[in-house]
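I have placed the structure first, in the form of structure tokens, so that the comments after it can refer back to it.
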Amino acid sequence: MNTRHLRRIAVTVSAAALLPLALTACSSDSDTSAAGSDSGADKAASSAPAKETEPTDGPFGPGCATVPKEGAGSFDGMAQDPVATAASNNPALSTLVAAVKQAGLVDTLNSAENITVFAPTNGAFAKIPKADLDKLLADKAALTKVLTSHVVGQKLAPSQLDKGSFDTLAKTGLTTSGSDMSYTVNDSSKVVCGNVPTANATVYIIDTVLMPAA
């Protein structure tokens with residue numbers, strides 16, 4: 001066996017020995033690349049913004065718990081009647097209903113189309129000193145102005161209340177502010193049960209009577 005033949009054998013053996021190492025290195029590089037790709041995907045997924053929670057389409061607020069669960073005064077029942085009639089079936093709005101009747105506004109409100117009513121609760125009227133409330137109820141013109149200052153001539157969705165400014169049927173301004181289903185009207189009254197549907201109106205029940213400027 002000559003020297004040249006020995007060299008060929010040595011080269012062949014060396015190549016055979018190195019081949020598994022080369023294959024192992026390639027496999028390691030491929031795995032590392034794949035791992036890096038997976039890591040990047042994980043980072044992209046974790047950095048994606050969370051989907052915002054959709055606002056509710058139905059009534060909301062702590063005061064909604066006082067609304068009857070069944071019957072004409074329930075949410076389903078109120079949705080079937082025009083707004084003045086619907087309010088008359090809600091025990092929490094009995095003082096407002098009496099004032100609307102006193103002002104002769106039942107037909108006006110029931111026949112209006114696509115309006116929003118900010119409806120003060122009995123507790124809201126109770127905040128007014130009795131002498132002042134009695135005086136207001138006895139003055140039909142003043143009472144009409146107060147009540148119609150709670151009515152906007154369009155249906156308002158909760159999203160429109162975040163920073164809103166609207167004209168009322170009394171030709172007065174009404175402002176709303178807030179977010180996340182927590183709203184204030186005219187910087188003084190809180191919405192305690194909002195987005196209540198009636199046959200011709202959307203109702204936001206509030207905890208303070210809105211008194212227009214003289």
Side-chain angles (χ1 to χ4, degrees), residues 57-61 63-128 132-158 160-161 164 166-176 183 185-186 188-212:
D57 291 330
F60 64 86
C64 293
T66 65
V67 175
K69 303 299 182 184
E70 299 179 346
S74 66
F75 291 131
D76 288 340
M78 291 178 70
Q80 306 304 314
D81 293 318
V83 63
T85 301
S88 70
N89 294 318
N90 188 323
L93 301 177
S94 59
T95 304
L96 172 63
V97 171
V100 167
K101 290 179 178 179
Q102 183 76 9
L105 293 174
V106 172
D107 291 340
T108 299
L109 293 178
N110 276 348
S111 61
E113 296 183 1
N114 298 322
I115 59 175
T116 296
V117 177
F118 292 87
T121 62
N122 295 342
F125 280 99
K127 293 179 181 180
I128 303 174
D132 293 339
L133 181 58
D134 289 343
K135 181 179 178 180
L136 176 63
L137 294 174
D139 186 336
K140 186 175 181 179
L143 181 60
T144 297
K145 183 175 182 179
V146 168
L147 294 176
T148 53
S149 71
H150 291 71
V151 184
V152 173
Q154 60 178 303
K155 281 191 176 182
L156 300 177
Q160 293 175 271
L161 306 186
F166 312 98
D167 292 329
T168 70
L169 298 190
K171 308 301 181 185
T172 58
L174 182 147
T175 61
T176 58
Y183 301 103
V185 185
N186 283 3
S188 62
S189 185
K190 300 291 186 182
V191 173
V192 296
C193 182
N195 204 31
V196 179
T198 72
N200 68 323
T202 298
V203 176
Y204 291 88
I205 300 175
I206 57 177
D207 67 357
T208 303
V209 177
L210 308 176
M211 302 300 289

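When reading the values below, keep in mind they use all heavy atoms of this one structure, side chains included, and skip hydrogens, waters and symmetry mates.
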Can you confirm whether [X] is buried at [atom1], in the sense that more than 12 heavy atoms of other residues, nucleotides or ligands lie under 6.0 Å from that atom?
X: D132; atom1: CG; result: yes
X: Q160; atom1: CD; result: yes
X: K135; atom1: NZ; result: no

Write out all pairs satisfying ring pair (Phe, Tyr, Trp, His ring centres under 6.0 Å) with one or both partners inside residues 75-103, taking only residues at least two apart or from two chains.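 Not a single pair qualifies under ring pair (Phe, Tyr, Trp, His ring centres under 6.0 Å).
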
How far apart are the closest heavy atoms of [X] and [Y], and which atoms are they?
X: V209; Y: P120; value: CG2-CB, 3.9 Å
X: P158; Y: F60; value: CG-CE2, 3.7 Å
X: P197; Y: P59; value: CD-CG, 4.2 Å
X: S188; Y: D207; value: O-OD1, 4.5 Å
X: A84; Y: N110; value: N-OD1, 2.9 Å
X: G194; Y: C64; value: N-SG, 4.3 Å

Contacts of V97 that satisfy side-chain contact (heavy atoms from CB on, under 4.5 Å) - sequence neighbours left out: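 Per chain and number, V97 pairs via side-chain contact (heavy atoms from CB on, under 4.5 Å) with A87, S88, K101.
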
Can you find a heavy atom in the side chain of [X] that is under 4.5 Å from one in the side chain of [Y]?
X: N90; Y: I205; answer: yes
X: T198; Y: P82; answer: no
X: V151; Y: T168; answer: no
X: L96; Y: L147; answer: yes
X: F118; Y: L174; answer: yes

Atom [atom1] in [X], atom [atom2] in [Y]: separation rounded to 0.5 Å?
X: K127; Y: T121; atom1: NZ; atom2: OG1; value: 7.0 Å
X: F125; Y: L136; atom1: CZ; atom2: CG; value: 8.0 Å
X: Q80; Y: N89; atom1: CD; atom2: CG; value: 11.5 Å
X: L133; Y: I128; atom1: CG; atom2: CD1; value: 5.0 Å
X: K155; Y: E113; atom1: NZ; atom2: CD; value: 10.0 Å
X: N114; Y: Q154; atom1: CG; atom2: CD; value: 9.5 Å

Please check: side-chain N/O of [X] versus main-chain N/O of [Y], any donor-acceptor pairing under 3.5 Å?
X: T208; Y: S189; value: no
X: K140; Y: G104; value: no
X: N122; Y: T95; value: yes
X: N200; Y: L109; value: yes
X: Y204; Y: L156; value: yes

Residue from N186, I206, T172 passing side chain to side chain contact (heavy atoms under 4.5 Å, CB included) with H150: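 In the set N186, I206, T172, the residue that makes a side chain to side chain contact (heavy atoms under 4.5 Å, CB included) with H150 is I206.
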
Using salt bridge (Lys or Arg N to Asp or Glu O under 4.0 Å) as the criterion, list what pairs up with D134, not counting sequence neighbours.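 D134 satisfies salt bridge (Lys or Arg N to Asp or Glu O under 4.0 Å) with K130 once adjacent residues are dropped.
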
T148 versus T144, side-chain donor and acceptor atoms under 3.5 Å: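 Distance-only check fails for T144 and T148.
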
